[in-house]
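Since the structure comes first, as structure tokens, the remarks are kept for the end.
Only heavy atoms go into these numbers, but all of them, side chains included; no hydrogens, no water, no symmetry mates.
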Amino acid sequence: MTIPSAEGFLPAASCLPCTAEEERATVDALTREADANVKNGDLRYLISQSWWTNWQSYVGLLSYGENDTDIPLQPASRPGEIDNRKLVLEETSSGSEDTELQRTLREGEDYTLVPQDVWRKLYDWYKGGPEISRKVICEDPASRRYIVDVYPLHLTLIDERDNSARTIKLSRKAKVSELYRLVCSLLSVEQSKVHIWDHYQKLKNKKLTNRNETLEEAQLLMDQEILLEVSADDIWSSDHCTRSTSNELALLPLEPTTSSSFSIAGGPNFSNGYSSGIGSSLSQDNSLNPLVRDTEDGYSNFSNGTKDDIHGLTGLHNLGNTCFMNSAIQSLVHTPPLVEYFLKEYTQEINTENPLGLQGELAVAFAELLRKLWTAGRTSVPPRAFKSKLSRFAPQFSGYNQHDSQELLAFLLDGLHEDLNRVKKKPYIEAKDADDRPDEEFAEECWNYHKARNDSIIVDKFQGQYKSTLVCPECNKISVTFDPFMYLSLPLPSTVTRMMTVTVFSGTGDSLPMPYTVTVPKNGVCRDLCKALSDACCLKQSETLLLGEVYDYRIYRYFSPLELLNIIKDGDQLVAYKLPAGHEKLLRIEILHRNVDRFTPEPQFNARKLIGSPLVTCIPNDSTRKADIYAAVSAVLAPFVRAKVHAPGESLLNGRRPSLDGIVPRDNGASCEKGLSTSNVDEATSDAEFLPFKLYLSDDKGHIRNPVEEDSDQVFGLPMRLLMGWSDKEHEIYNLKYMDDLPDVFKPGFMSKKTRQEAVNLFSCLDAFLKDEPLGPDDMWYCPCCKEHRQARKKLDLWRLPEILVVHLKRFSYSRYMKNKLDTFVNFPIHDLDMTKYAKHTSGGDQPLIYELYAVINHYGGLGGGHYSAYAKLIEEDSWYHFDDSHVSSVNEEETRTSAAYLLFYRRVDGNSCAMSDVVPVNTHMVDSLEA
């Protein structure tokens, strides 16, 4: 598609609406053009993720199908105005140029980024706002790596002359020289007469003298102070007193996106991070000297309690959504083998040649932080230098967004391993097949190959080995591999389900309405609900279900098969109408009910709200005469006839009603009727006096009341909506109670207590992880014998267990469109976790594999906006403590077992000793001597 200009396809003044297909094509073309020609200074706009998802559904960009295959979504309704209000702080929600964002936003969950021209078109079509723009900066022209700084760096500038404070905003990628220019321009002082200090925690930590480094490289953090120092002979300019009183100045609002690159329709890779290949000179900043100390010591100003005399009880400052990092750090720095290793002379093992690491910088930063945390007398320390090094190794953790602690832990352990890898040059080793060799022989060979390329303290203590067995379902070919692991990610065996009650109505008058309660996946779609209902009500192959919600005695909406069930609340009232398969090509009739007084000259409808539940049926598109309509309504009302009036199941129109069984829908929406005649019905309805009820053409709210004429084709939109008047006569003939009081989707109470998820134990999670199961359709295995991809069965076994066993409880479940957290309580052992029966190979012969818990990472709250903390045990004291960022408090051992447990850290103990207190205590004298 050729785009004549950036203004899009329609002139700005045009008010002609676009179709969904035109909108999709326009946005796709504009996005591709913007990505192909991206450059410094381009704008990207934030749009609410919920609105963006609705728009994608409307234009058919999203897809979802059985087995995760791509099937276009059913047409969705057009979204309303763009609503970005939830992205910004209330005081800036009006859409000012300096829009202040909520601090916990995550790309892909809370917002998406679109090019400027895409925003303009969307705004032309939908209006709304507020407008939120951020600039693009190119970090590396060679690789075309771009950054969008969604959150600019907020710094509080303190003027030492009068202690005045004001907020300035800069990109984290801005140079220190830019900071000097901005400050001097703001305060009208000469650059040659000023110095700016890193004033973190109101201490003169470091003078910012290297004006070529970025603010991030200078380790300046969000919301921290910087101090302006002006030489004594400086004179304020004459307009000092008349300057604006505003205490804020915003420059380029640039901020990286979250963990993954953003792109709507291809194009260059936008990333929130920085290339891990950035070189570093070991001689530039003495970064490998383990005795170099930061001035942020964080020593306590008092020494009146036992805590000041105990090592390992130092907290970590939250630098801005860094609780995920703090909890992982506390767990690792309380891992005895790591403490012992980093308190010794470890620098001889630093690998400065490994291109996969940071030439030892990450290991040094971690060691320095560990030593500070194990020094007595400190309250808490800020892990600024460590975070800076980690962000270079794993760029997705740069910035101040919340992240997954388990993901951080995995990258941190991998980074430490690469920095400390004893293998300087990794040999090339070609993978071999087992070739029916014994497992012991093949497993040892695989482990030796792994150790030939990976040999570090991390491999020694944290890595184990598991056996993976794949079996082809066609030729029974067996493939066995042995792979290393750093942690076990265990699924929770309890399935996340939901009980839903839906009332099923017959659209052909075969039966009375009946409520059914079914169990469906909580994160499923309406198709799952219809499938469960179909089984429950024994739906015929010739029938299908039309699912809808009833509100205020009328049909509020119908659900498409792919709509998420989570939009349905427990208090909603759902109905499902049994209709003929292919009913979409027939004319659907909705029947509403309202009381009427038949004793007045002209029927007077009760002014009160509608009554009963709406009914739905279908008739052929070419059978819209009065006789056809009355016959169809009479048929669907037949089950409600009181027994004393007429035999159940028989129409009051002498049983002469059109049958849909003989209707064969055609492609054009017309119908071919086999042996269907309404001549008898014409006779029965020729005189209104003999009709058992009165119908009116109406609207969806039942406000319009126009009589159904003999041969009138007047229909107020599709479907045809009829209003049935209920006088005493109708109440005598039909029993309305079957249409009253629809049940809610779910009624909290006794059933909710019975169906509540039961607690599970750690061993059931292990069993679920190790069970034999087929691969998913998107994870097919290529069978070397069949020469085709097969849905093989997979079985995992633990072969070799490490000394430090990290267990990850998979509390977060992910589907294509949503994420969910499980708060199930997992009962895990603190002492004597016996893994002997799970390990197929043990190096210690017949000694049992017994593990003791020493640390736990907890996650509280929901996705995106949750909070992390850690429990850790001081081995030498045999006591537990809670590390919640900078706050450290003692806890009882049993308090460590909660439903918030997310990562568990176990240490193997000797077979002849089951107490971790027998381990070698931490040499705190070494820590104190290093600090001295």
Decide side-chain contact (heavy atoms from CB on, under 4.5 Å) for Leu903 and Val806; before the verdict, give the C-alpha distance in whole Å, the side-chain angles of both, and the deciding distance to 0.1 Å. CA-CA 7 Å; Leu903 285 156; Val806 181; 4.2 Å; yes
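- The line from CG of Leu369 to CH2 of Trp374 is 13.0 Å long, rounded to the nearest 0.5 Å.
- For Phe812 and Tyr902, the gap between ring centers is short of 6.0 Å.
- Side-chain N or O atoms of His417 include none that pairs as donor or acceptor with a backbone N or O of Leu413 at under 3.5 Å.
- A distance-only check finds a donor-acceptor pair linking the side chain of Thr836 to the backbone of Leu849 [under 3.5 Å].
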Which is it for Leu153 and Leu220 under the side-chain contact (heavy atoms from CB on, under 4.5 Å) test, yes or no, and what are the steps along the way? CA-CA 8 Å; Leu153 187 62; Leu220 297 182; 4.1 Å; yes
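- No side-chain donor-acceptor contact under 3.5 Å links Asn421 to the backbone of Asn454.
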side-chain contact (heavy atoms from CB on, under 4.5 Å) for Asp884 and Asn326? Distances and angles first, verdict last. CA-CA 8 Å; Asp884 188 359; Asn326 292 348; over 6 Å; no
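- Between Leu798 and Leu488 the shortest side-chain heavy-atom distance falls below 4.5 Å.
- When only modelled atom types and interatomic distance are considered, Thr335 and Tyr854 share a side-chain donor-acceptor pair under 3.5 Å.
- Checking side-chain atoms of Ser327 against main-chain N and O of Cys323 turns up a donor-acceptor pair under 3.5 Å.
- In this structure, NZ on Lys86 lies 7.5 Å from OG on Ser48, to the nearest 0.5 angstrom.
- Residues Ser380 and His317 have side chains that bring a donor and an acceptor to within less than 3.5 angstrom of each other.
- In plain terms, the two heavy atoms of Gly312 and Leu874 that are nearest each other are O-CD2, 4.1 Å.
- Under the 3.5 Å distance criterion, with hydrogens and angles disregarded, no donor-acceptor pair is assigned to the side chains of His311 and Thr375.
- How far OG1 of Thr167 is from CG of Leu155: 9.0 Å, rounded to the nearest 0.5 Å.
- Here the side chains of Phe324 and Phe397 are in contact, with some heavy-atom distance below 4.5 Å.
- Counting heavy atoms from C-beta outward, Phe905 and Leu409 have side chains that approach closer than 4.5 Å.
- For His154 and Glu100, the side-chain atoms include at least one donor-acceptor pair closer than 3.5 Å.
- Just one of Glu803, Lys451, Met486, Arg800 meets the side chain to side chain contact (heavy atoms under 4.5 Å, CB included) condition when paired with Gln463; it is Met486.
- Between Tyr341 and Lys461, every side-chain heavy-atom pair lies at or beyond the 4.5 Å cut-off.
- For the pair Asp455 and Arg422, the salt-bridge criterion is met [side-chain N within less than 4.0 Å of a carboxylate O].
- Atom CG of Leu762 sits about 6.0 Å away from atom CG of Leu490, to the nearest 0.5 Å.
- Under the side chain to side chain donor-acceptor pair (under 3.5 Å) test applied with Glu852, the options His831, Lys873, Arg907 reduce to a single match, His831.
- The side-chain heavy atoms of Lys810 and Leu492, taken from C-beta on, include no pair separated by under 4.5 Å.
- Considering every non-hydrogen atom in both Ile857 and Ala328, the closest pair reads CD1-CA, 3.7 Å.
- A distance of 11.5 Å separates CG of Leu809 from OG of Ser899, quoted to the nearest 0.5 Å.
- Nearest heavy atoms, Tyr906 versus Leu853: CD2-N, 3.4 Å.
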Verdict with supporting geometry, Leu766 and Met835, side-chain contact (heavy atoms from CB on, under 4.5 Å): CA-CA 10 Å; Leu766 278 166; Met835 296 290 293; 3.9 Å; yes
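- By the 4.5 Å heavy-atom criterion applied to side chains, Leu313 and Tyr881 are counted as neighbours.
- The pair Lys389-Asp419 does not meet the salt-bridge criterion, since no charged nitrogen lies less than 4.0 angstrom from a carboxylate oxygen.
- The heavy-atom pair separating Ala385 from Ala365 by the smallest distance is O-CB, 4.5 Å.
- In this structure, Arg371 contributes its side chain and Phe342 its backbone to a donor-acceptor pair below 3.5 Å.
- Between the side chain of Arg908 and the backbone N or O of Pro802 there is at least one donor-acceptor pair closer than 3.5 Å.
- For Tyr151 (side chain) and Gln102 (main-chain N/O), a donor-acceptor pair under 3.5 Å exists by modelled atom type.
- Taking the side chain as every heavy atom from C-beta outward, Leu316 and Gln330 approach each other to under 4.5 Å.
- Two rings, from Tyr871 and Phe883, have their centers 6.0 Å or more apart.
- Panel note: side chain Asn205, backbone Leu203; a donor-acceptor pair is recorded below 3.5 Å.
- Of all non-hydrogen atoms in Val826 and Cys765, the two that sit nearest each other are CG1-SG, 4.2 Å.
- Annotation for Tyr860 and Ser869: closest pair CE1-OG, 3.3 Å, computed over non-hydrogen atoms.
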Please determine whether ring pair (Phe, Tyr, Trp, His ring centres under 6.0 Å) holds for the pair Trp880 and His334, giving the CA-CA distance in whole Å, both sets of side-chain angles, and the decisive distance to 0.1 Å. CA-CA 11 Å; Trp880 284 85; His334 287 85; 10.0 Å; no
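- Ion pairing between a basic and an acidic side chain is recognised when a charged N comes within 4.0 Å of a carboxylate O; Glu340 and Lys344 show such pairing.
- Rounded to the nearest 0.5 Å, atoms CZ (Arg811) and CG (Asp404) are 12.5 Å apart.
- In summary, of the residues considered (Ile457, Asn354, Leu362), a side chain to side chain contact (heavy atoms under 4.5 Å, CB included) with Leu420 occurs for Ile457 alone.
- One N or O on the side chain of Asn318 and one on the backbone of Asn321 form a donor-acceptor pair closer than 3.5 Å.
- Across Arg384, Lys204, Lys206, a single residue satisfies salt bridge (charged side-chain N to carboxylate O under 4.0 Å, His left out) together with Asp198, and that is Arg384.
- Side-chain N/O atoms of Gln406 and Tyr487 include a donor and acceptor closer than 3.5 Å.
- Considering only heavy atoms from C-beta on, Met325 stays 4.5 Å or farther from Leu412 through its side chain.
- Asn892 places no side-chain N or O within donor-acceptor distance of the main-chain N or O of Glu895, the cut-off being under 3.5 Å.
- For Glu213, the side-chain contact (heavy atoms from CB on, under 4.5 Å) partners two or more places apart in sequence, or in a different chain, are Val176, Asn210, Glu217, Ala218.
- Shown are Asp223, Leu221, Asp885; of these, the side chain to side chain contact (heavy atoms under 4.5 Å, CB included) with Leu319 is made only by Leu221.
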